[in-house]
Amino acid sequence: MLSYDKELELKQKRVESLLDGLVPCVEPIIRSPQKEYYRNKVHAAFGMDGKKIIYGTYKEGTHKIIPEGGKLLENKKASAIIASIAKLASEYRMTIYDERSRRGFLRRVLVRTADGTGEILVVLVVTDFMFPGKKNFVKKLTGLHPEITSIVMNINRRTDSMILGDKSETIYGRGFIVDELLGLKFRISCESFYQINHDQCENLYSKALEYAAFSKEDSIIDAYCGTGTIGIYASKFCGKVTGVELNSKAVADAQENIHKNAIKNVRVIKGDATEFMKVAAIRHEKYEGVILDPPREGTTPEFVESCKTLCPSKIVYISCNPETLARDLRLFLKAGFKGIKATPVDMFPGVEQHVETVVLLAKQ
Ligand code: SAH
């Protein structure tokens with residue numbers, strides 16, 4: 001209900017107050033180029049309301065489906081595809097999964113759109129690969145939405161709240177999207193993390209690299225690197241990049257992305273970022289810069305301790321959670337670094353509680 005300016009003001013104030021005493025200069029928040037329909041990853045949970053198929057987002061903290069929930073933020077083509085699948089589901093006799101009885105076929109639909117290339121990946125999260133009308137369903141859906149470039153079936157029989165299961169089968173196209181970001185091409189599989197606001201992601205990475213101001217002699221670490229997006233972009237400005245990532249699908253995407261962009265100075269290691277840092281510190285490896293972009297939980301005290309030993313001249317922390325950011329910055333300050341400046345980046349317009357922040361730290 002807030003005006004966009006008011007929303008940005010609140011986000012700015014929140015970051016300023018959390019970083020108070022930790023970073024001397026918080027620059028003005030970067031506005032999102034798109035305020036609506038920016039989400040390039042859309043998922044809808046499917047359920048039944050009596051005999052009617054319903055789909056939408058879960059009400060926070062529950063598994064109650066809010067039909068049409070989140071629509072204002074979601075890519076319009078993705079929303080239209082999901083609406084078509086809901087209509088086709090009964091025609092193709094797909095049963096809808098019921099969480100209580102654990103029976104039924106279709107659980108969720110996830111759609112990923114690549115704003116830079118127009119590619120669209122549809123993931124049907126189901127309980128079985130067996131689906132008698134598969135061929136016809138694919139034909140019908142791609143006939144209705146020729147913009148779909150790939151369809152994947154993902155098997156999820158789990159009882160926890162994980163969206164995707166471990167096994168996937170591509171039933172149409174290549175099984176991933178390729179997007180273009182900052183003039184580079186990136187392959188993104190359905191299991192890999194990808195920033196959800198394309199244009200603002202370009203602003204975020206540009207700000208991070210502007211803060212880092214790397215030189216061609218610098219050897220740097222891209223911790224929590226996902227599909228290698230930041231490291232591959234950074235490789236233009238520095239000597240060598242080592243990416244570290246835990247998710248093996250994302251690592252495979254990153255390897256492919258290094259190859260796709262004909263990059264020679266980036267390597268990606270599969271593993272836990274903290275473990276990698278600990279080993280690098282024991283071996284006294286030399287890195288001039290560290291970029292870290294951890295999940296919402298932030299990083300670990302051991303990661304920060306290892307930075308103390310490795311002693312890079314600058315650290316750029318990209319965070320999607322200002323609370324864990326502030327907690328981790330306290331550790332960095334104790335470990336001999338100082339906060340130089342920070343910029344909040346509005347990656348999630350309309351979602352008041354989420355704000356991204358880029359912070360530059362240097363040796364004290
Ligand atoms: N920098 C990337 C990804 C950021 S999201 C981008 O901008 O796209 C955070 C990433 O950290 C995810 O890819 C997640 O799989 C990875 N991750 C989570 N825990 C990790 C850990 N302990 N060690 C290494 N990577 C981890």
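Positions are given from 1 along the sequence. The analysis underlying the following values was restricted to heavy atoms, covering all of them including side chains, and did not include hydrogens, waters or symmetry mates. In listed order, ligands and their atoms are each counted from 1. Quick caveat: nothing in here was measured; it's all calculated off a predicted structure.
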Next on the checklist: If we count only N and O atoms by modelled type, under 3.5 Å, do the side chains of S189 and E191 hold a donor and an acceptor together?
Outcome noted: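 No donor-acceptor contact under 3.5 Å links the two side chains.
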Item to check | Exercise: do S101 and D98 side chains pair donor with acceptor under 3.5 Å | outcome: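 There is such a pair (donor and acceptor under 3.5 Å, judged by atom type) between the side chains of S101 and D98.
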What part of [X] sits under 4.0 Å from ligand 1 if we count only heavy atoms: the side chain, the backbone, both or neither?
{"X": "C225", "answer": "backbone"}
{"X": "D293", "answer": "both"}
{"X": "A250", "answer": "neither"}
{"X": "D272", "answer": "both"}

Proximal atoms of ligand 1 relative to [X] (non-hydrogen, under 4.0 Å):
{"X": "T229", "answer": "6 (C), 7 (O), 8 (O)"}
{"X": "I230", "answer": "1 (N), 7 (O)"}
{"X": "N247", "answer": "15 (O)"}
{"X": "G271", "answer": "23 (N), 24 (C)"}

Looking at [atom], what's its closest protein heavy atom, distance included?
{"atom": "atom 18 (C) of ligand 1", "result": "P295 CG, 3.6 Å"}
{"atom": "atom 26 (C) of ligand 1", "result": "Y224 CD2, 3.4 Å"}
{"atom": "atom 23 (N) of ligand 1", "result": "A273 N, 2.9 Å"}
{"atom": "atom 6 (C) of ligand 1", "result": "Y205 OH, 3.3 Å"}

Checklist entry - Picking from Y97, F129, F131, F46, what satisfies ring-ring contact (aromatic ring centres under 6.0 Å, His included) with F105? => result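 Exactly one option meets the ring-ring contact (aromatic ring centres under 6.0 Å, His included) with F105, and it is F131.
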Checklist entry - Would one find an N or O of L246, backbone or side chain, under 3.5 Å from an N or O of ligand 1? => result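 Yes, at least one N or O pair falls under 3.5 Å.
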Checklist entry - Looking only at distance, does Y194 have an N or O less than 3.5 Å from an N or O of ligand 1? => result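 Min N/O separation from ligand 1 is not below 3.5 Å for Y194.
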Output a table of donor-acceptor pairs, distance under 3.5 Å, between side-chain atoms of residues 353-364 and any protein atom two or more places apart or on a different chain; print 'none' if there are none.
from : atom 1 : to   : atom 2 : distance (Å)
Q364 : NE2    : F337 : O      : 2.8

Item to check | Test side-chain contact (heavy atoms from CB on, under 4.5 Å) applied to N197 and M347, step by step | outcome: CA-CA 6 Å; N197 181 338; M347 195 62 95; 3.7 Å; yes
Checklist entry - Where the side chain of E119 meets the backbone of V178, is there a donor-acceptor pair that is under 3.5 Å apart? => result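 Judged by distance alone, yes, a pair lies under 3.5 Å.
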Next on the checklist: Using modelled atom types and a 3.5 Å cut-off, is there a donor and acceptor pairing between side-chain atoms of Q200 and backbone atoms of R31?
Outcome noted: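 Confirmed, Q200 side chain pairs with R31 backbone.
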Next on the checklist: Could you check whether R187 pairs with D253 (Lys NZ or Arg NE/NH1/NH2 to Asp/Glu carboxylate O, under 4.0 Å)?
Outcome noted: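 Counted as a salt bridge, because a side-chain N and a carboxylate O are separated by less than 4.0 Å.
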Checklist entry - What is the ring orientation for Y58 with H63, classed by angle as parallel under 30°, tilted 30 to 60°, or perpendicular over 60°? => result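 Answer is parallel, since the angle falls under 30°.
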Next on the checklist: Enumerate the ring pair (Phe, Tyr, Trp, His ring centres under 6.0 Å) contacts for residues 71-95, please, sequence neighbours excluded, ordered by first and then second residue.
Outcome noted: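 Counting only pairs at least two positions apart or across chains, the ring pair (Phe, Tyr, Trp, His ring centres under 6.0 Å) contacts touching residues 71-95 are Y92-F137.
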Next on the checklist: Measuring from atom 10 (C) of ligand 1, which candidate in E275, E245, E191 has the nearest non-hydrogen atom?
Outcome noted: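 Minimum heavy-atom distance to atom 10 (C) of ligand 1 goes to E245.
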